[in-house]
Q: 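Here it is, the structure, as structure tokens.
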Amino acid sequence: MKIEVLTLFPEMFEPLNVGILGKARQNGLFELNLTNIRDYSLDKHKKVDDTPFGGGAGMVMTPQPLHDAINGVDKDHKCYRIYLSPKGETLSQRLVKELATKENIMFVCGNYEGIDQRIIDLDIDKELSIGDYVLTGGEMAAMVTINAVARYIDGVLGNSESTNEESFSDGLLEYPQYTHPQVFEGLEVPEVLLSGNHQNIAKWRKEKQLEITKERRPDLLK
Ligand code: 4FM
């Protein structure tokens with residue numbers, strides 16, 4: 001998979017060089033290209049924002065640098081072009097899996113009060129939100145999405161981290177996990193997990209999943 005990111009702040013993507021995703025990139029399992037939108041500004045002062053028509057607070061990213069950056073990086077429109085904003089469809093594990101099937105994805109990150117609507121109308125395939133809250137820009141939302149999608153790329157996760165047994169894989173929240181020591185601060189590991197009876201362990205874990213899902217996310221059971 002090739003991922004293109006268009007942003008005014010490419011330095012913000014340093015976290016993708018670290019840990020499981022950093023290793024996956026080193027191993028060539030996916031490619032990440034960062035483009036600074038400002039490099040495409042034709043303005044003599046490299047300006048990328050302006051005041052909104054109709055008035056109102058703050059600044060809006062102007063169309064020229066965005067349009068030229070998007071279509072310069074992705075001339076033949078081979079990328080599935082995503083704009084991150086609170087107005088988009090909310091990211092879900094279902095959407096994550098769908099994005100993981102794409103060969104090329106572009107993330108366009110807006111800042112200030114957003115981008116000129118005509119860029120969304122002309123150049124963007126999908127407006128995506130990571131949740132009902134407002135960030136200062138789309139960069140962290142892009143990183144969240146890249147992280148969730150990269151886990152579904154073949155070879156990124158080892159056997160021990162596989163996506164098969166985790167929350168949402170069966171539509172339920174995950175059961176609680178325990179490791180050594182057997183007693184910590186007076187709290188014991190549930191007996192059944194020490195029993196070696198794998199049928200009983202599986203049954204206990206499924207019961208715990210149902211219990212915690214009913215309590216915290218009853219919407220998932222419907
Ligand atoms: C804020 C983009 C205002 C556009 C942002 C405007 C966000 C989110 C987000 C910053 N992106 N999910 N929530 N982006 O807050 O994806 Cl107008």
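All of these numbers come straight from a predicted model, not from anything done at the bench.
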Q: If you measure only the distance, is there a donor-acceptor pair under 3.5 Å linking the side chains of Tyr152 and Gln93?
A: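 Indeed, the side chains of Tyr152 and Gln93 share at least one donor-acceptor pair under 3.5 Å.
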
Q: Is Glu211 reaching over with its side chain to a backbone N or O of Tyr175, donor-acceptor style, under 3.5 angstrom?
A: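 Not confirmed, Glu211 side chain does not pair with Tyr175 backbone.
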
Q: Quick one: does any side-chain atom of Asn27 pair with a main-chain N or O of Leu29 as donor and acceptor, under 3.5 Å?
A: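 Side chain of Asn27 to backbone of Leu29: no pair is present.
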
Q: At their closest point, which heavy atom of Gly196 faces which heavy atom of Ile201, and how far apart are they?
A: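 Gly196 and Ile201 have their closest heavy atoms at N-CD1, 4.4 Å.
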
Q: Is a side-chain N or O of Ser41 found less than 3.5 angstrom from the main chain of Lys47, in a donor-acceptor match?
A: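 The answer is yes, because a donor-acceptor pair under 3.5 Å joins these two groups.
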
Q: Minimum heavy-atom separation for Thr90 and Leu95, please, with both atom names.
A: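 It is O-CD2, 3.9 Å.
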
Q: Check the surroundings of atom CD in Gln182: do more than 12 heavy atoms from other residues, nucleotides or ligands lie under 6.0 Å from it?
A: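 It does not: Gln182 CD has 12 such atoms or fewer within range.
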
Q: Is it the case that over 12 heavy atoms from other parts of the model lie below 6.0 angstrom from the NZ atom of Lys46?
A: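 Enclosed: over 12 neighbouring heavy atoms sit under 6.0 Å from NZ of Lys46.
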
Q: For Val60, is there any backbone N or O sitting under 3.5 Å from a side-chain donor or acceptor partner on Glu113?
A: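 Flag not set: sc Glu113 to bb Val60 has no pair under 3.5 Å.
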
Q: Can you give me the closest heavy-atom contact between Glu127 and Ile124, atom names plus distance?
A: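 Heavy-atom minimum between the residues: N-CG2, 4.4 Å.
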
Q: Using modelled atom types only, decide if a donor and an acceptor are shared between the side chain of Asp116 and the backbone of Arg118 within a distance under 3.5 Å.
A: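 Confirmed, Asp116 side chain pairs with Arg118 backbone.
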
Q: Kindly compute the distance separating CG (Asp123) from CD1 (Ile70), expressed to the nearest 0.5 Å.
A: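 Between Asp123 CG and Ile70 CD1, I get 4.5 Å after rounding to 0.5 Å.
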
Q: Restricting to non-hydrogen atoms, name the atom on Phe13 and the atom on Ala142 that form the minimum distance, rounded to 0.1 Å.
A: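 Heavy atoms only, the tightest pair is CE2-CB, 4.1 Å.
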
Q: Under 4.0 Å between a Lys/Arg side-chain N and an Asp/Glu carboxylate O for Arg94 and Glu89?
A: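 Result for this pair is yes, salt bridge flagged.
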
Q: Using only atom types and a distance under 3.5 Å, with no angle test, would you say the side chain of Lys75 pairs donor to acceptor with the backbone of Gly72?
A: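 The answer is yes, because a donor-acceptor pair under 3.5 Å joins these two groups.
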
Q: Under 3.5 Å, is there a donor on one side chain and an acceptor on the other for Asn71 and His77?
A: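 Asn71 vs His77: no donor-acceptor pair found between side chains.
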
Q: Assess whether atom CD of Glu191 is packed by more than 12 heavy atoms of other residues, nucleotides or ligands within 6.0 Å.
A: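 Counting neighbours around CD of Glu191, 12 or fewer heavy atoms of other residues, nucleotides or ligands fall under 6.0 Å, so no.
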
Q: Is it the case that over 12 heavy atoms from other parts of the model lie below 6.0 angstrom from the CG atom of Asp154?
A: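 Atom CG in Asp154 is not crowded, with 12 or fewer foreign heavy atoms closer than 6.0 Å.
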
Q: To the closest 0.5 Å, what do you measure between CD1 (Ile119) and CE (Met61)?
A: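 With rounding to 0.5 Å, CD1 (Ile119) is 9.5 Å from CE (Met61).
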
Q: How long is the straight-line distance from OH of Tyr83 back to CG of Asp125, given to the nearest 0.5 Å?
A: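 Atom-to-atom, Asp125:CG and Tyr83:OH are 15.0 Å apart.
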
Q: Would you say Trp204 ends up clustered with Leu172 if hydrophobic residues are merged whenever their side chains have heavy atoms under 4.5 Å apart, either directly or through other cluster members?
A: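 As far as the 4.5 Å side-chain criterion goes, Trp204 and Leu172 are not connected within one cluster.
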
Q: For atom CG of Asp132, is the number of surrounding heavy atoms from other residues, nucleotides or ligands below 6.0 Å larger than 12?
A: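 No, not enclosed.
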
Q: Please check: side-chain N/O of Thr51 versus main-chain N/O of Met59, any donor-acceptor pairing under 3.5 Å?
A: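 Here the side-chain-to-backbone pair does not exist.
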
Q: Of the non-hydrogen atoms in Thr136 and Asn111, which two are nearest, and what is the gap between them?
A: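 Answer, listing the atom of Thr136 first, then Asn111: O-ND2, 3.6 Å.
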
Q: With a 3.5 Å distance limit and no angle check, can you tell me whether Thr213 reaches the backbone of Leu210 through a side-chain donor-acceptor pair?
A: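 The answer is no, because no donor-acceptor pair under 3.5 Å joins these two groups.
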
Q: Strictly distance-based, threshold 3.5 Å: is any side-chain N or O of Ser195 a donor or acceptor partner for the main-chain N or O of Asn197?
A: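 At least one qualifying donor-acceptor pair exists.
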
Q: Please check this pair: side chain of Asp74 against backbone of Cys79, looking for a donor-acceptor N/O pair closer than 3.5 Å.
A: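 Flag set: sc Asp74 to bb Cys79 pair under 3.5 Å.
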
Q: Side-chain donor-acceptor pair under 3.5 Å between Asn104 and Arg81, yes or no?
A: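 Distance-only check fails for Asn104 and Arg81.
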
